[in-house]
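In listed order, ligands and their atoms are each counted from 1.
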Amino acid sequence: MSLYLGLDSSTQSLSAIVLKAEPLVDAGGYTREILHEVSLNFDQEFPQYGTQSGVLANDDPSVVHSSPLLWVEALEALLLRLKADGVDLGQIKAIAGSGQQHGSVYLKDGALKALGNLNSSEPLASQIQPLLSRPTAPIWMDSSTHEECSEIAEKMGGEQALANLTGSRAFERFTGPQIRKFYKTEPDTYEATGRIHLVSSFMASVLLGGDASIDPGDGAGMNLMDLSEVDWSEAALEATAPNLRSKLPNIQASSTVLGTISSYFQDRFGFSSDTSIVCWSGDNPCSLIGVGLVEAGHIAISLGTSDTLFGFMPQLRVDSNGEGHVFGSPTGNSDYMSLICFLNGSLAREKVRDELQLDWDGFDQALQSTPPGNEGRVLLPWFAPEITPNVPDAGPKSFGFNDGDKVHKVRAVVEGQMASMALHSRWMDVRMEKIYATGGASANKSILQIMANTFGADVYPSNVGQSAALGAALRAWHAEVSSQGQRVSWPEIVAEITTPNASDCVKPQAELVPLYRRYQELYRACENHFLSGGPDPKGAQEAFLSS
Ligand code: ADP
Ligand code: XUL
């Protein structure tokens, strides 16, 4: 039996998908089947770390860290769960993974060697703890590096030059600015750090018992990688921190088989000694595969902790507005993906839900009981500092609300998020007739209806809840068969299993699409007013209501 394991170390949980994929001997082609899915929520399963929605408390709202030890403890618990659920881990041929992007893990000199010599009768976390030079990991929600972003951009000849080279202007959450802040504030600990890994390459290193490479999908989220060369940019490294090259792993293609699983995992969980460890990637690049976007065409929207909108990009083209990103696509070194990220995604929806003391059913009912377009009410959902557009100081802004308008807030948060996504993704210039929806909130049909109406597009919820984990499992399969000299095309790899059910399609309501187009203009007027001192949006509201 040929089994492949896809893991997803995300903001709030660690998930796994076990995929069975085998050649059809007579008919040609392959069978593929998901044998098992499991997810461990960090807050619920590991309360001893004190996380809330997967992150550690901090007095400064711009500083957001999590715990690498929590992630490895979750890895151990997840493998035990798979075993207890009857999955024969000895049959797993290859493991690949997906990590929340941009977050970084700091290891002492000698840590990589120690990872290869872990004692299999002891748990993982207590053995990894002494290897960390920095106890916590800054993650993608951190927005505390504004100064470092400016310094790096200036040294690189400006934001556009940096974007042309790395695919993005300097972003606060990107790993380069985070490393620079660490170097500036804790120079001695920076000096004592032998290796800096991304969440993805850290988790892969633990499984490998050695140094895992970074792939171009996740490497592009650092402001350090030359996107065309698919290698570290000397200029960007120098602009970031001294001796940085020596502290980073290599960049290798996403399909690289890095080696075999370490003896720790063989002895403790019964993996076979020839289980391959495949390069991990970021959660968004893995989701690209997991929703089947391996060729130019449609887009996907992930409604996870962050909301992201992304698509396969055949030719490199960066956003001249400085809001979007280009990352490597796991399909190959000269393939790309475009992406735009909104920090106020699920947690903003949860904030409104909790404020009104609702559950998701109640949230749904509030959406049903309020009119499309919300009679011109608008909420700019910046409950936390926002990435797109750049809003450094948290503070939601509302417009057109009367005292006592409570349930309208539910509609306003969703309509605002969708309007913002539509407005800020125009640079991608991709067809939007069909949207693949994924992430936790894609289970909510009422949210998907507003998405369909805003974009005027058919929305297909992914039929696998965990598209990042599925993408990782499919990458494991692709890498393993490729390493054995077989050529299986990406369309063949993602066929059937990523095809959404046509019966789940949420169609736009033709009569509401023009209303939502006008709502976007109202939203834009509010954004301009609150961010750039544009005119009072009253005029835009009157125009919206009278049309
Ligand atoms: P991540 O991968 O970033 O950790 P997920 O994709 O697992 O996140 O999504 C988790 C989020 O899904 C939760 O924070 C929750 O708000 C949201 N969610 C789950 N079910 C629903 C629902 N029925 N309606 C809206 N949102 C939901
Ligand atoms: C993407 C981003 C987030 C994280 C967490 O740029 O910051 O989507 O990958 O999911």
Protein residue, atom and distance nearest to [atom], heavy-atom basis:
| atom | value |
| --- | --- |
| atom 7 (O) of ligand 2 | Arg173 NE, 2.9 Å |
| atom 16 (O) of ligand 1 | Glu350 OE2, 2.5 Å |
| atom 3 (C) of ligand 2 | Ser306 OG, 3.5 Å |
| atom 9 (O) of ligand 2 | Asp283 OD1, 2.7 Å |
| atom 4 (O) of ligand 1 | Ser10 OG, 2.7 Å |
| atom 23 (N) of ligand 1 | Trp360 CG, 3.6 Å |
| atom 17 (C) of ligand 1 | Ser346 OG, 3.7 Å |
| atom 1 (P) of ligand 1 | Thr305 OG1, 3.3 Å |

message: Heavy atoms only: which of Phe327, Trp140, Phe171 lies closest to atom 4 (C) of ligand 2?
response: Trp140
message: For atom 12 (O) of ligand 1, which of the options Ser287, Gly440, Ser53, Ser9 provides the nearest non-hydrogen atom?
response: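 Heavy atom nearest to atom 12 (O) of ligand 1 belongs to Gly440.
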message: Using a 4.0 Å cut-off to any heavy atom of Thr308, which atoms of ligand 2 qualify?
response: 8 (O)
- request: Check each atom of ligand 2 against the heavy atoms of His102 and keep those under 4.0 Å away; list them by number with element.
  value: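 Heavy-atom distances to His102 below 4.0 Å select 1 (C), 2 (C), 6 (O), 7 (O).
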- request: Assess the pair Tyr106 and Phe182: is the distance between their ring centroids shorter than 6.0 Å?
  value: yes
- prompt: Would a line drawn from the ring center of Phe171 to the ring center of His325 be shorter than 6.0 Å?
  reply: yes
Ligand 1 N/O within reach of [X] N/O, cut-off under 3.5 Å:
| X | value |
| --- | --- |
| Arg349 | no |
| Gly439 | no |
| Gln12 | yes |
| Asn444 | yes |

Under 3.5 Å, side chain of [X] to main-chain N/O of [Y], donor-acceptor pair present?
| X | Y | value |
| --- | --- | --- |
| Thr438 | Ser302 | no |
| Asn453 | Pro508 | no |
| Arg317 | Met428 | yes |
| Asn223 | Ser168 | yes |
| Ser66 | Gly54 | yes |

query: Do Trp140 and Thr11 meet the criterion of a side-chain donor-acceptor pair at a distance under 3.5 Å?
result: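 The answer is yes; a qualifying pair exists.
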- prompt: Is ligand 2 less than 4.0 angstrom away from at least one heavy atom of Cys341?
  reply: yes
- line: When Leu19, Val18, Val87 are each screened for side-chain contact (heavy atoms from CB on, under 4.5 Å) with Leu5, the one that passes is Val18
message: I need the contact type for Leu339 against ligand 2. Using non-hydrogen atoms and a strict under-4.0 Å cut-off, is it side chain, backbone, both or neither?
response: side chain
query: Just heavy atoms, cut-off under 4.0 Å: does Asn284 contact ligand 2 by side chain, backbone, both, or neither?
result: side chain
query: Taking the side chain as C-beta and beyond, is there a heavy-atom pair between Leu227 and Met225 under 4.5 Å?
result: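 Sidechains of Met225 and Leu227: in contact.
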- prompt: Got Met418 and Tyr519 here, is their nearest side-chain heavy-atom distance under 4.5 Å?
  reply: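 No - every pair of side-chain heavy atoms lies 4.5 Å or more apart.
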Polar proximity ligand 2 side, His325 side, N/O cut 3.5 Å exclusive: no
- line: From the list Ser442, Ser462, Ser287, side-chain hydrogen bond (donor to acceptor under 3.5 Å, both in side chains) partner of Ser467 resolves to Ser287
